[in-house]
Amino acid sequence: MANQDDNLLKKIVAHAKEYGFVFPSSEIYDGLGAAYDYGQYGSELKNNIKNFWWKAMVQMHENIVGIDAAIFMHPTTWKASGHVDAFNDPLIDNKDSKKRYRADVLIEEYIAKIEGKIKKEVQKAAKRFGDSFDETQFLATNGRVIEYNAQIKSINDRMKSAMETEQLNELKTLIEDLGIACPVSGSKNWTEVRQFNLMFSTELGSLAEGANTIYLRPETAQGIFVNFLNVQKTGRMKIPFGIAQIGKAFRNEIIARQFIFRMREFEQMEMQFFVKPGEEMKWYDHWKEKRIQWHKILGLGEDNYRFHDHLNLAHYANAACDIEFNFPMGFKELEGIHSRTDFDLKAHEEHSGKKLQFFDPQENQNYVPYVIETSIGLDRMFLAIMSASYKNETLEDGSERVVLKIPPALAPVKVAVLPLVKKDGLSEKAREILETLKFHFNCQYDEKDAIGRRYRRQDAIGTPYCVTIDHDTLQDHSVTLRDRDTTKQERIPISELTNRIEGLVSINTLLQKL
RNA sequence: GCGGGAGUAGCUCAGCUGGUAGAGCGACAGCCUUCCAAGCUGUAGGUCGCGAGUUCGAACCUCGUCUCCCGCUCCA
């Protein structure tokens, strides 16, 4: 099964390239790892996804507005957000098991072991002393416990100072001194510790002395937080309200792989929802519900989604979950919904010296709002649609076809206009119809090859409807409308064509179900 | 970064023990016209990933190098 799904991803990658959805970046120069370019159909599909998200998240809500912040931001932004410190992962490999670990995690696990020993001492003592046992006193006086605590403190101090001063060799020495062994191989045969800064940096010439390093944003969220006050004031926004943004983000991933699932340059669709402190869990649940609904109305199969609650929370969150999608590689994160508390706004208050608060007239007081974030990877959404849509079907007559059953509202090309044959004036009539339809839909015209082959071509790029002009059309002013998924045809008057297709492929058909 | 696999036409691949490239599909032009791929004719497209070595001669053998794919840690 793993093998089959592996092949499915390969097939999707090949199909995406062959039909102009996704190309490897800079391919003529042998490509650039983990970067991809969206082609003629891919960019249409991507735009349609953005549009559907933007409409559903911004335009359908009176209290949500959108912005488009710069990718370059003041360097202090990333100090405030915690990315400068927290996005540095020191990594170490075990040479025997070939497993990779975070050096700080290995040390923390070692500390956890010592803490476990303290707990055991406490349990033993509690048994021994019975009811008269005073835990605080025991912890403060017991010789072994004191020694354990001293160990923990010394290890912690060494680790912290090594992390802060970026003394990577000191981390390795610490691991060696503690005799930490690889859980898999059991050996202490470690490589050097290497640092991976997950933020891309570049130079900006005109900043003040020494401070000319600037980062490509690793998440779009901070563009929203630094504009919180601007938007709140100029938009006269009242809590609860949201600010949304679609944009690129950059992370220097150690390993970027699995096609467009994990790229170093990727696009996020984020909405930060500002709420009254204490109401965050209510809104967290609200957006979980809203977001899963958004996914499900696309009809990619409800079984393909599941929630995954985070147990280890990021430094800024007090609750977090993922919406996972059943990709060809298995269930993987597609969207994250996080309760970010007031961490970000407070941090920016501290670093900027500006008050980032909301005056609540009902409470008659100021407060820093809490934030619920919904953040979906656009490229992952693209891959989700591609993998759920890609079908290799055997038809009734035994022939095979490859069809992309993309939700019609998101399909790159909505309708293909096809003269049955390219003579007897059918081409001219078809062109005439195309001239009306093109104002409403992204259309394609094709008169080359047999009609069946043209249907298959449209199936391969996911065009939901084909309009075919035949000899009868010239007399009765009607055409056939062929459905991609069923291959069934229906004869309808040319005058009804636009309205009819509109009702089938418009994004409104989805929005109205929300 | 480490380990494993793979690079020949747009795609899928063939190419024997070394004798300087082939098929099918696709694309394009034309013919035919019949509502669900595979009718006929013709055309274009390759410095066999790149570099070096062995050899009279390398797609094939040797070494190096690059890229891609699969695992390990991280995330949207």
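Letters A, B, ... mirror the listed sequences (proteins, then strands); counts begin at 1.
Closest approach to the A:Lys422 side chain among B:C70, B:C36, B:G30 is made by B:G30 (side chain taken as heavy atoms from C-beta onward). For A:Lys10, the side-chain atoms get nearest to B:C69 when compared with the rest of B:C28, B:C35, B:C69. Between B:G10, B:C75, B:G30, one nucleotide has an atom nearer to the side chain of A:Glu18 than all others, and that is B:G10. Ranking B:C35, B:G30, B:C75 by closeness to the A:Leu420 side chain, first place goes to B:C35. Listed nucleotides: B:C28, B:G71, B:C75. Nearest to the side chain of A:Lys448: B:C28. When distances run from any side-chain atom of A:Phe266 to the nucleotides B:A76, B:C35, B:C11, the shortest one goes to B:A76. In this structure, of B:U33, B:C35, B:A27, it is B:A27 that holds the atom nearest to the side chain of A:Arg457.
To the nearest angstrom, C1' of B:C11 lies 17 Å from CD1 of A:Ile12. Between the CZ atom of A:Phe259 and the P atom of B:C70 there is a distance of 11 Å, rounded to whole Å. Put simply, CG on A:Leu418 is 13 Å from P on B:C35, counting in whole angstrom units. In this entry the distance linking NE2 of A:His83 with C1' of B:C74 reads 13 Å, nearest Å. Remark: C1' of B:A76 and CZ of A:Arg217 are 13 Å apart, rounded to the nearest angstrom. The nearest whole Å value for the distance from the NE2 atom in A:His308 to the P atom in B:C74 is 12 Å. The distance from atom CD of A:Gln458 to atom P of B:C36 is 17 Å, rounded to the nearest whole Å. Atom-to-atom, CG of A:Leu8 to P of B:C69 comes out at 16 Å; the value is rounded to the nearest Å.
Side-chain atoms of A:Arg380 come within donor-acceptor range of the base of B:C75, with a qualifying N/O pair under 3.5 Å. Between the side chain of A:Arg453 and the base of B:A38 there is no donor-acceptor pair of N/O atoms closer than 3.5 Å. Put simply, the side chain of A:Arg262 and the base of B:C75 share a donor and an acceptor less than 3.5 Å apart. A donor-acceptor contact under 3.5 Å is formed by the side chain of A:Gln489 with the base of B:C35. For a distance-only test at 3.5 Å, the side chain of A:Arg482 fails to qualify as a donor-acceptor partner of the base of B:C35.
When the P atom is used for both B:C63 and B:C68, the distance is 23 Å, rounded to whole Å. Annotation: B:A38 and B:C2 have their C1' atoms spaced 47 Å apart (nearest Å). Comparing B:A6 with B:A59, their C1' atoms sit 15 Å apart, to the nearest whole Å. Here, B:U62 and B:A23 have their C1' atoms 31 Å apart, quoted to the whole Å. Rounded to whole Å, the P atom of B:A9 lies 10 Å from the corresponding atom of B:G46. The same atom, P, is picked in B:G15 and in B:C61; the two are 13 Å apart, to the nearest Å. Nucleotides B:G1 and B:U43 place their P atoms 48 Å apart, quoted to the nearest Å. Atom name C1', nucleotides B:C40 and B:G4: the rounded distance is 49 Å, in whole Å.
Residue A:Arg456 has a polar side-chain atom (N or O) positioned under 4.0 Å from OP1 or OP2 of B:A37. Side-chain N/O atoms of A:Arg491 include none lying less than 4.0 angstrom from OP1 or OP2 on B:C35. Applying the 4.0 Å criterion to OP1 and OP2 of B:C11, one finds that A:Lys17 has a side-chain N or O inside that range. Here A:Lys423 reaches the OP1 or OP2 of B:U33: one of its side-chain N or O atoms lies under 4.0 Å away.
Other residues, nucleotides and ligands contribute more than 12 heavy atoms inside 6.0 Å of the CZ atom of A:Phe331. No more than 12 heavy atoms of other residues, nucleotides or ligands lie within 6.0 Å of NZ in A:Lys113, so this atom counts as exposed by the packing criterion.
Pair assignment for B:C63: B:G51, on the basis of Watson-Crick or G-U wobble contacts that are both within less than 3.5 Å. As the counterpart of B:A14, no nucleotide is assigned, since no Watson-Crick or G-U wobble pattern has both distances under 3.5 Å. The partner of B:U34 cannot be assigned: no Watson-Crick or G-U wobble pair with both contacts below 3.5 Å exists in any strand. Under the Watson-Crick and G-U wobble criteria, each requiring two contacts below 3.5 Å, nucleotide B:C68 is paired to B:G5. Taking a pair to require two hydrogen-bonding distances under 3.5 Å in either a Watson-Crick or a G-U wobble arrangement, B:A29 pairs with B:U41.
Between A:Tyr38 and A:Phe382, the angle of the ring planes goes over 60°, which puts this pair in the perpendicular group of the 30/60° scheme. Ring-plane geometry between A:Phe200 and A:Phe250 is classed as perpendicular, the angle between the planes exceeding 60 degrees on a 0 to 90 degree scale with a lower cut at 30. Note: A:His310 and A:His308 have tilted aromatic rings, judged against thresholds of 30 and 60 degrees for the angle between ring planes.
Heavy atoms of A:Asp470 sit under 4.0 angstrom from at least one base atom. The residue A:Thr487 sits close to a base: some heavy atom pair falls under 4.0 Å.
Side chains of A:Thr77 and A:Tyr215: no donor on one and acceptor on the other come within 3.5 Å. Judged by distance alone, the side chains of A:Glu270 and A:Gln245 never bring a donor and an acceptor atom under 3.5 Å apart.
Each of A:His310 and A:Ile469 has a nearest nucleotide on RNA chain B; the 5'-most of these lies closest to A:Ile469. Taking the nucleotide of RNA chain B with the nearest heavy atom to each of A:His471 and A:Asp449, the more 5' of the two is matched to A:Asp449.
A ring-centre distance under 6.0 Å is found for A:Phe228 and A:Phe274.
Checked against A:His61 for a ring-ring contact (aromatic ring centres under 6.0 Å, His included), the options A:Phe273, A:Trp54, A:Trp287 give a single hit: A:Trp287.
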